[in-house]
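Note sheet for the following structure.
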Amino acid sequence: MFKSACFFRIADDFQLPDLDALERVLQKARFVPCGPTQAESTGWVAPRGNKSKVLAELVGGQLVLRLQTEKRAVPASAVKAGVEERVERYKAETGNERVPSKVKKEFKEEVLLDLLPRAFSKRSATLLWLDASAKMLVVDAGSLAAADRIVSSLLAALLEVPGAGPALDLQLVHTQTSPAAAMAHWLSTREAPWHFTVDRDCELKAADEQKSSVRYARHTLEIDEVAQHIAAGKVPTQLAMTWNERVSFVLTDAGQLRKLKMLDVVLKEAEDAKGKDDDNFDANVAILTGELSQLVPDLLEALGGEAEAPGVAAEPERLAA
């Protein structure tokens with residue numbers, strides 16, 4: 001279900017709103033495809049898929065939502081060519097060689113309106129998992145930039161719920177030890193943290209202006225060369241790891257997880273738990289949340305524990321309405 005994970009800490013006084021009330025709010029913001037001249041459309045869709053109409057799924061106390069976005073991509077070259085054509089026509093008709101910036105802006109808007117109905121559209125959907133008891137929000141995004149808009153949509157929806165409790169005040173999860181420093185230590189000492197193993201993929205980048213990088217793919221990392229790169233000043237930005245032989249992932253220097261994958265033992269357990277008469281959504285959610293609910297605390301501990309008051313250089317971005 002989740003391919004990536006970006007973690008946010010929820011305020012201690014937050015409580016899940018009434019599910020029926022939340023459902024009504026989400027239905028008002030349900031996804032609608034882009035219109036002919038609309039560049040982008042965002043809205044909520046059923047986490048279970050097209051056969052379901054329910055937008056807010058609660059499984060074992062875990063709230064799961066899915067936000068879908070559709071974008072029409074107009075090539076920049078086509079826009080540029082259209083604007084240039086109008087500019088030349090303007091010069092010929094007015095006799096003026098200088099075209100005001102305001103006129104150029106109008107030309108660009110006209111070109112976009114003309115091209116949008118013919119542009120191809122692309123859809124993407126993002127899962128959100130809100131664990132109210134653990135005060136954690138997990139977004140299926142491998143970067144904060146990708147998660148930011150998703151979180152904003154969630155905040156807007158929760159604020160619309162009548163009689164909702166305290167606002168969902170979010171902070172990025174920060175740790176006492178930066179992921180980059182921790183990964184450098186694990187690679188240099190060739191000692192993985194408890195419950196984890198270091199796999200065969202990593203990326204190291206220099207902190208200088210050139211940003212030179214070294215990547216290892218499907219290659220043993222227990223070699224002197226890796227430690228030498230780190231000693232020379234290169235910083236790990238990505239490292240493939242496995243937790244308890246159950247979940248593999250790539251840890252980034254920003255603390256996000258990418259390429260999340262449940263391993264065979266988990267898949268076997270999930271297969272055994274699946275029902276024969278449903279869509280297996282409940283079983284899949286239970287397996288996923290169950291694994292990540294244990295993985296995340298172990299990862300935070302491996303990174304020195306969660307930081308309550310990060311310094312100025314690591315100030316968490318506040319994502320509150």
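- Under the 4.5 angstrom side-chain criterion for Ile, Leu, Val, Met, Phe, Trp and Tyr, the cluster partners of Val87 are Val74, Val79, Val83, Tyr90, Val99, Val103, Phe107, Val111, Leu112, Leu115, Leu116.
- Residues that satisfy the salt bridge (charged side-chain N to carboxylate O under 4.0 Å, His left out) test with Arg118, not counting sequence neighbours, are Asp114.
- Scanning both residues, Leu303 and Trp186, for their nearest heavy atoms gives CD2-CH2, 3.9 Å.
- With sequence neighbours left out, Arg24 forms a salt bridge (charged side-chain N to carboxylate O under 4.0 Å, His left out) with no residue at all.
- Counting only heavy atoms from C-beta outward, the side chains of Arg190 and Asp224 approach each other to under 4.5 Å.
- Using a 4.5 Å heavy-atom cutoff, the side chains of Leu63 and Leu65 are in contact.
- Here Leu22 contributes atom CG and Glu160 contributes atom CD; the two are 11.5 Å apart, rounded to the nearest 0.5 Å.
- With sequence neighbours excluded, the residues satisfying salt bridge (charged side-chain N to carboxylate O under 4.0 Å, His left out) with Glu291 are Arg246.
- Applying the side-chain contact (heavy atoms from CB on, under 4.5 Å) rule to Gln27 yields the partners Glu23, Arg30, Leu55; only residues at least two apart in sequence or on another chain are considered.
- Between atom CD1 of residue Ile223 and atom CD of residue Gln228 there is a gap of 9.0 Å, rounded to the nearest 0.5 Å.
- Between Leu257 and Ser4 there is no side-chain heavy-atom pair separated by less than 4.5 Å.
- Taking the side-chain contact (heavy atoms from CB on, under 4.5 Å) definition, one finds that Ala125 meets it with Arg66, Gln68, sequence neighbours left out.
- A distance of 10.0 Å separates CD of Glu106 from OG of Ser101, quoted to the nearest 0.5 Å.
- For Arg9, the salt bridge (charged side-chain N to carboxylate O under 4.0 Å, His left out) partners at least two apart in sequence or on another chain are Glu306.
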Handout entry: Step-by-step side-chain contact (heavy atoms from CB on, under 4.5 Å) determination, Ser178 to Asp253
Key = CA-CA 7 Å; Ser178 72; Asp253 55 349; over 6 Å; no
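- At least one side-chain heavy atom of Leu172 sits less than 4.5 Å from a side-chain heavy atom of Leu144.
- Residues satisfying the ring-ring contact (aromatic ring centres under 6.0 Å, His included) criterion with Phe7, sequence neighbours excluded, are absent altogether.
- Checked by atom type, the side-chain pair Ser41/Glu70 shows no donor-acceptor distance below 3.5 Å.
- For the side-chain contact (heavy atoms from CB on, under 4.5 Å) test, residues two or more places apart in sequence or in another chain that qualify with Thr126 are Val139, Asp140, Ile150.
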Review item, side-chain donor-acceptor pairs of residues 234-243, under 3.5 Å, at least two apart:
residue: Thr237; atom: OG1; partner: Glu203; partner atom: O; Å: 3.4
residue: Thr237; atom: OG1; partner: Glu203; partner atom: OE1; Å: 2.6
residue: Thr242; atom: OG1; partner: Asp199; partner atom: OD1; Å: 3.3
residue: Thr242; atom: OG1; partner: Asp199; partner atom: OD2; Å: 2.7
residue: Trp243; atom: NE1; partner: Asp298; partner atom: OD2; Å: 2.8

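- Partners of Asp264 by side-chain contact (heavy atoms from CB on, under 4.5 Å), not counting sequence neighbours, listed by chain and number: Leu267.
- Sorted by first and then second residue, the side chain to side chain donor-acceptor pair (under 3.5 Å) pairs with a member in residues 127-137 read Gln62-Trp129, Asp131-Ser133; sequence neighbours excluded.
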Practice task
Kindly indicate, with the supporting measurements, whether the criterion side-chain contact (heavy atoms from CB on, under 4.5 Å) is fulfilled by Asn244 and Gln294.
Solution key: CA-CA 10 Å; Asn244 269 347; Gln294 299 175 72; 6.0 Å; no
Practice task
Any chance you could lay out the side-chain contact (heavy atoms from CB on, under 4.5 Å) test for Leu128 and Val138, step after step, and finish with the verdict?
Solution key: CA-CA 6 Å; Leu128 297 89; Val138 182; over 6 Å; no
